[in-house]
Q: 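Below you'll find the structure I mean.
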Amino acid sequence: MSKPSVTTQIDQRGVATVTLNRPERHNAFDDAVIAELSAAFHNVAGNDSVRVMVLAAAGKHFSAGADLSWMRRMGNASYDTNLADAEALANMLRTLNELPKPTIARVQGSAWGGALGLICCCDLAVATSSATFRFSEVRLGLVPATISPYVIAAIGPRAARRYFLSAESINSDTAEDLGLVSKIAKESDLDPVVENWIDHLLQNGPQAMAEAKRLIAEVSGKPLSDELLWHTSETIARLRVSEEGREGLSAFLEKRAAKWQQTP
């Protein structure tokens, strides 16, 4: 029986680690890997015991992006087959982007092409100081289409014009400056950075973090209107009277740990 290309482990704290598990192919993904990632993200989203998700990769590299054998196969397929294939990738990325749990990308080695979509869909991303990044699609006569909404939201259209068109390599310092990643670290510090973020996230209300992610998506880029002001007012009012909101305020006033901060 062949090993899975994507694995999921959940620890006693409720931290799920979803790992790309094709190190022999530099974690390049194809339609099968996309399906496995999509299933993993849906399972994490629907698991009430999961509080945080880490997206990691086995081996030396985070991901080389699209598997060339897959690209060759798609190049010989029909337009309709390619459309269905691209929609599967787009839906997987959307599932990750909208996951109602905080997500952390743990990045080492190279991250090319579609791999940058995975990183930009995560809420936080840490990369090793030796990591390199590249939007390599135009070298193949293609464009980073399905990842573009998430990448442009992260780095802005001006930077996207440069790096989508040039396909030049991006080092870790530049990736941090652009907003591709949140932080860079020495290889030995990669896991401690992830653990520090997990510690912070586990102190926070699960519902509040899900609502915060939704709020960012709903407010970002919207004009300041009466409808937007009503929406933000309704959101905080609803959360103040929610079970989690009342528990959080009571715990703060009573100088005790909230229910979600207690060790399982």
Side-chain angles (χ1 to χ4, degrees), residues 1-9 16-47 50 53-59 61-101 103-107 110-123 125 133-155 160 164 167 180 213-214 217:
M1 184 176 180
S2 61
K3 66 181 178 65
S5 298
V6 176
T7 64
T8 302
Q9 293 181 316
T17 301
V18 175
T19 303
L20 289 162
N21 192 36
R22 300 180 84 203
E24 72 283 356
R25 298 190 69 84
H26 306 306
N27 296 310
F29 49 84
D30 56 15
D31 47 353
V33 175
I34 289 167
E36 289 187 48
L37 282 171
S38 186
F41 298 152
H42 278 293
N43 289 337
V44 167
N47 189 335
V50 173
M53 192 196 84
V54 178
L55 180 60
H61 299 287
F62 182 75
S63 174
D67 186 292
L68 291 181
S69 296
W70 173 46
M71 288 290 92
R72 186 178 297 112
R73 176 157 46 90
M74 287 299 100
N76 293 321
S78 68
Y79 167 82
D80 288 341
T81 298
N82 271 277
L83 181 59
D85 191 75
E87 286 179 327
L89 174 57
N91 288 330
M92 179 270 284
L93 292 168
R94 182 175 183 176
T95 300
L96 174 58
N97 188 65
E98 297 179 356
L99 202 82
K101 330 265 182 173
T103 54
I104 301 170
R106 179 194 182 281
V107 182
S110 299
W112 284 24
L116 281 90
L118 293 173
I119 295 168
C120 290
C121 284
C122 288
D123 303 311
F133 307 83
R134 176 173 287 174
F135 298 98
S136 52
E137 288 86 351
V138 292
R139 294 282 173 93
L140 304 175
L142 305 172
V143 293
T146 52
I147 69 172
S148 62
Y150 315 106
V151 173
I152 294 172
I155 71 175
F164 282 16
L180 275 175
K213 291 184 67 166
R214 187 178 300 114

Q: Looking at every non-hydrogen atom in both residues, tell me the closest pair between Thr95 and Phe41 and how far apart they are.
A: CG2-CB, 3.7 Å
Q: Any side-chain heavy atom of Met53 within less than 4.5 Å of one from Thr8?
A: no
Q: Treating Ser110 as the side-chain partner and Ala64 as the backbone partner, does any N or O pair qualify as donor plus acceptor under 3.5 Å?
A: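 Absent.
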Q: Do Ser5 and Arg25 come within less than 4.5 Å of each other through their side chains, counting heavy atoms only?
A: no
Q: Any side chain to side chain donor-acceptor pair (under 3.5 Å) pairs touching residues 112-121, not counting sequence neighbours?
A: none
Q: CZ/Arg94 to CG/Asn91 distance, rounded to the nearest 0.5 angstrom?
A: 7.5 Å
Q: One thing to verify: whether Arg22 and Glu36 come together as a salt bridge, which I'm taking to mean a side-chain N less than 4.0 angstrom from a carboxylate O.
A: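 No, Glu36 and Arg22 are not salt-bridged.
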Q: Could you pull out the closest heavy-atom pair between Leu180 and Ala125, with the gap in Å?
A: O-CB, 4.3 Å
Q: Closest approach of Ile34 and Met92, non-hydrogen atoms and distance?
A: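 Looks like O-CG, 3.9 Å.
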Q: For residues 136-155, tabulate all N or O donor-acceptor pairs below 3.5 Å that involve a side-chain atom, not counting sequence neighbours.
A:
{"residue": "Ser148", "atom": "OG", "partner": "Ala145", "partner atom": "O", "Å": "2.6"}

Q: Which atom pairs, donor and acceptor, lie under 3.5 Å between side-chain atoms of residues 82-89 and protein residues at least two apart or in another chain?
A:
{"residue": "Asn82", "atom": "ND2", "partner": "Met74", "partner atom": "O", "Å": "2.8"}
{"residue": "Asn82", "atom": "ND2", "partner": "Ser78", "partner atom": "O", "Å": "3.0"}
{"residue": "Asp85", "atom": "OD1", "partner": "Trp70", "partner atom": "NE1", "Å": "3.3"}
{"residue": "Asp85", "atom": "OD2", "partner": "Trp70", "partner atom": "NE1", "Å": "3.3"}

Q: Could you tell me which non-hydrogen atom of Val54 sits nearest to which non-hydrogen atom of Arg106, and how far apart they are?
A: CG1-CB, 4.3 Å
Q: Output yes when a side-chain donor or acceptor of Thr103 lies under 3.5 Å from a complementary backbone atom of Asp123, and no otherwise.
A: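 Side chain of Thr103 to backbone of Asp123, a donor-acceptor pair under 3.5 Å: yes, one is there.
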Q: A side-chain contact here means heavy atoms from C-beta on lying under 4.5 Å apart; do Asp67 and Val33 qualify?
A: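 When only atoms from C-beta onward are counted, Val33 and Asp67 do not touch, as no gap falls below 4.5 Å.
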Q: Closest heavy-atom contact between Lys101 and Val44?
A: CE-O, 3.3 Å
Q: Indicate the atoms forming the closest heavy-atom contact of Ala111 with Ile119, along with that distance.
A: CB-CD1, 3.8 Å
Q: Is the backbone of Pro4 close enough, under 3.5 Å, to the side chain of Asn21 for a donor and an acceptor to pair up by distance?
A: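 Answer holds: yes.
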